[in-house]
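Contents: one structure, followed by commentary.
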Amino acid sequence: MSMEGPRAPRESELRGLYDFLNRELRPGSNWSIADEYPRALQDFNRHNMRVILEGERVLSHAVLKPFVIKTPLGPIKLAGIGSVVTEGGHRGLGLSTQVLESCLQAATSAECDIAILWTELYDFYRRLGFELAGTEVALQIDNELPSPARDLKFIDSAQIDAEALLRLYNQHSVGTHRTLEDVREYLRIPNSRVSTAWDKHGKLVAYAIEGKGADLSGYIHEWGGGVGALTALLSHMWKTRRDGARGLTLIAPRHSENLCRTLQAAGARRHDGHLGMIKILRHEAIFAKLRRAARQHGIGDLVLEKNDTEYRIGRGSQVYATQSEQDMIRLLFGPALPHEIHNFDPSTAQALQSILPIPLWIWGWDSV
Ligand SMILES: CC(C)(COP(=O)(O)OP(=O)(O)OC[C@H]1O[C@@H](n2cnc3c(N)ncnc32)[C@H](O)[C@@H]1OP(=O)(O)O)[C@@H](O)C(=O)NCCC(=O)NCCS
């Protein structure tokens, strides 16, 4: 029988696709992987799924989920890619490569500036132009946190006011645009702990979410609220954590300096890592945003462009050329600092440092 695809699955093929994904990626789970990704693995996002089939049998799959991220640089459109898998007997035949290339084409057609995914198979994705980049701070809480005396009530339940949570979420400077329906769906994700803190007037002042289906157990991947209320909530979560033997780790963007400082001062251990593997899809769109940000900093002569063979970065007549896509990704999104990539002249280094790295962050609920 011949293979078909990559293409989007038909509605009638979704059940078979979820069976395939559950068998391959979630053996032993008592929920469906579709419940873990309620904004990606659902019928309304079917046009962004890609499968290769043999008859009715799914052999390979990946899904993309486009998001618009609010950042201080302006909106960035991003495609999260996930649930990448090829059936055991058909690996090494190039199926995932074809499926991923089809996803990347769809992301580019949808005008996504970058694609991002979370994986440990670095070399597999490097072949496709992805590089480990962006930044993430993990704060490992091993001891009781000082809980500032506050009149707060803690609730451990997902049955909470989604609107109140969305209001706090929207205070973050970086994050995807979410609707109330998105939040309601995310609150239903299995195997996670939703903890919230309420003040004496019944107002939500902090939230924190630990675990997400088969992933992120012991990790708080979503949180919000003021640092004082959040620290008190984390203190409550640590004291009542699900797995008595294990600690609790909060993951945060590097720009959450106040929270990182507070938790470190309270004894949390800090580990700096990458946000994920990133691929640039629309170079010129990102460069235009950066040149505009530079102009707002009074830098009118920043050169940041790509031609067929190389990137050109610099200022005025001091222009540096590179062919390294990896260097560019790590320069734009971190963690590389300009001087680690090239011995730029002081004026170019200063210009780049005023706009880079782009403060990119994806909250855990949105990861695909
Ligand atoms: C990883 C996986 C998706 C690859 O699927 P596949 O259809 O076999 O991939 P391809 O045939 O397109 O692989 C193409 C190339 O990647 C290489 N490759 C495959 N798996 C790899 C791995 N785990 N690490 C590094 N390289 C790998 C192959 O050797 C091949 O290289 P070549 O073209 O130079 O020979 C598949 O092994 C799988 O389903 N694994 C289990 C689920 C999983 O780990 N998914 C990833 C989640 S992020």
Side-chain angles (χ1 to χ4, degrees), residues 35-36 38-39 70 137-213 216-244 246-253 255-268 361-367:
D35 300 335
E36 292 182 32
R39 304 327 262 164
K70 173 178 79 168
V137 180
L139 293 153
Q140 190 183 330
I141 302 165
D142 295 317
N143 55 287
E144 192 169 339
L145 298 171
S147 174
R150 291 174 70 116
D151 208 357
L152 295 180
K153 181 177 157 199
F154 304 114
I155 297 182
D156 288 296
S157 165
Q159 310 288 320
I160 51 146
D161 179 4
E163 217 167 329
L165 196 152
L166 183 60
R167 260 197 303 277
L168 273 193
Y169 170 80
N170 281 336
Q171 290 174 8
H172 288 305
S173 61
V174 181
T176 55
H177 286 277
R178 285 182 184 162
T179 64
L180 199 51
E181 191 52 26
D182 291 335
V183 176
R184 289 202 178 110
E185 289 293 331
Y186 283 147
L187 281 168
R188 280 197 270 269
I189 293 176
N191 203 29
S192 92
R193 174 179 180 185
V194 177
S195 298
T196 45
W198 305 79
D199 72 9
K200 58 179 185 292
H201 308 293
K203 186 174 164 222
L204 179 70
V205 287
Y207 66 89
I209 322 286
E210 181 245 305
K212 179 186 174 185
L216 295 169
S217 171
Y219 286 88
I220 294 171
H221 55 84
E222 285 270 340
W223 46 264
V227 170
L230 186 58
T231 310
L233 179 62
L234 295 173
S235 172
H236 156 78
M237 290 176 83
W238 192 81
K239 281 186 258 174
T240 54
R241 62 198 178 282
R242 292 199 287 181
D243 179 353
R246 225 190 358 237
L248 200 58
T249 299
L250 176 133
I251 44 189
H255 54 255
S256 298
E257 290 173 8
N258 204 354
L259 178 67
C260 294
R261 216 176 10 248
T262 303
L263 293 183
Q264 278 178 273
W361 184 250
I362 321 258
W363 295 93
W365 268 343
D366 297 318
S367 64

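Note that this is a predicted model, so its numbers are computed, not measured. When reading the values below, keep in mind they use all heavy atoms of this one structure, side chains included, and skip hydrogens, waters and symmetry mates.
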key: Heavy-atom pair of closest approach, residues Y219 and I251   = CD2-CG2, 4.2 Å

message = Using 0.5 Å steps for rounding, measure from the CG atom of L234 to the CD1 atom of I141.
response = 5.0 Å

query = With sequence neighbours excluded, what pairs up with P253 under the side chain to side chain contact (heavy atoms under 4.5 Å, CB included) test?
reply = W223, H255, S256, W361, W363

request  = Could you tell me whether the side chain of S235 and the main chain of T231 form a donor-acceptor pair under 3.5 Å?
outcome  = no

remark   = Sorted by chain and number, sequence neighbours left out, side chain to side chain donor-acceptor pair (under 3.5 Å) with R178 holds for E222, D366

Which residues share a side chain to side chain contact (heavy atoms under 4.5 Å, CB included) with A266, sequence neighbours left out = L145, P146

ask   = Going by heavy atoms in the side chains, are D35 and R188 under 4.5 Å from each other?
value = no

query = Can you name the closest pair of heavy atoms from H172 and K70 and give their distance?
reply = O-NZ, 2.8 Å

query = Can you name the side chain to side chain contact (heavy atoms under 4.5 Å, CB included) partners of A206, sequence neighbours left out?
reply = A197, A229, L230, L233

query = Any idea which heavy atoms bring A268 and L139 closest together, and the distance?
reply = CB-CB, 4.3 Å

Between side-chain atoms of residues 153-161 and protein atoms elsewhere (two or more places apart, or another chain), which donor-acceptor pairs fall under 3.5 Å?
residue: D156; atom: OD1; partner: R193; partner atom: NE; Å: 3.1
residue: D156; atom: OD1; partner: R193; partner atom: NH2; Å: 3.0
residue: D156; atom: OD1; partner: S195; partner atom: OG; Å: 2.5
residue: D156; atom: OD2; partner: R193; partner atom: NH2; Å: 3.4
residue: D156; atom: OD2; partner: H236; partner atom: NE2; Å: 2.8
residue: S157; atom: OG; partner: Q159; partner atom: N; Å: 2.9
residue: D161; atom: OD1; partner: E163; partner atom: N; Å: 3.0
residue: D161; atom: OD1; partner: A164; partner atom: N; Å: 3.4

key: D199 and L152, any side-chain heavy atoms less than 4.5 Å apart   = yes

inquiry  = Give me each pair satisfying salt bridge (charged side-chain N to carboxylate O under 4.0 Å, His left out) with a member in residues 224-239, each pair once, sequence neighbours excluded.
reply    = E144-K239

ask   = Excluding sequence neighbours, so at least two apart, what forms side chain to side chain donor-acceptor pair (under 3.5 Å) with N143?
value = none

task = For the pair L187 and L165, evaluate side chain to side chain contact (heavy atoms under 4.5 Å, CB included) and give the outcome as yes or no after the intermediate values.
result = CA-CA 10 Å; L187 281 168; L165 196 152; 4.3 Å; yes

ask   = Rounded to the nearest 0.5 Å, how far does CD1 of I220 lie from OG1 of T249?
value = 8.5 Å

task = Apply side chain to side chain donor-acceptor pair (under 3.5 Å) to D182 and list each qualifying residue two or more places apart in sequence or on a separate chain.
result = R39, T179

message = Tell me which pairs pass salt bridge (charged side-chain N to carboxylate O under 4.0 Å, His left out) where either residue lies in residues 229-238, with sequence neighbours left out.
response = none

remark   = So CG of L166 and CD of E181: to nearest 0.5 Å the spacing works out to 11.5 Å

task = List in chain and number order the residues that pass side chain to side chain donor-acceptor pair (under 3.5 Å) with Q140, two or more places apart in sequence or in another chain; answer none if no residue qualifies.
result = D142, H271

message = Let's go through S367 and K212 carefully: what are the C-alpha distance in whole Å and the side-chain angles of both, what is the deciding distance for side chain to side chain contact (heavy atoms under 4.5 Å, CB included) to 0.1 Å, and is it a yes or a no?
response = CA-CA 10 Å; S367 64; K212 179 186 174 185; 3.1 Å; yes

ask   = Who passes ring pair (Phe, Tyr, Trp, His ring centres under 6.0 Å) against Y186, sequence neighbours left out?
value = W365

query = Do the side chain of R241 and the main chain of W238 share a donor and acceptor less than 3.5 angstrom apart?
reply = yes

request  = Check step by step if side chain to side chain contact (heavy atoms under 4.5 Å, CB included) holds for L216 and E210.
outcome  = CA-CA 7 Å; L216 295 169; E210 181 245 305; over 6 Å; no

note = Residues S192 and G211: closest non-hydrogen pair is CB-O, 2.9 Å

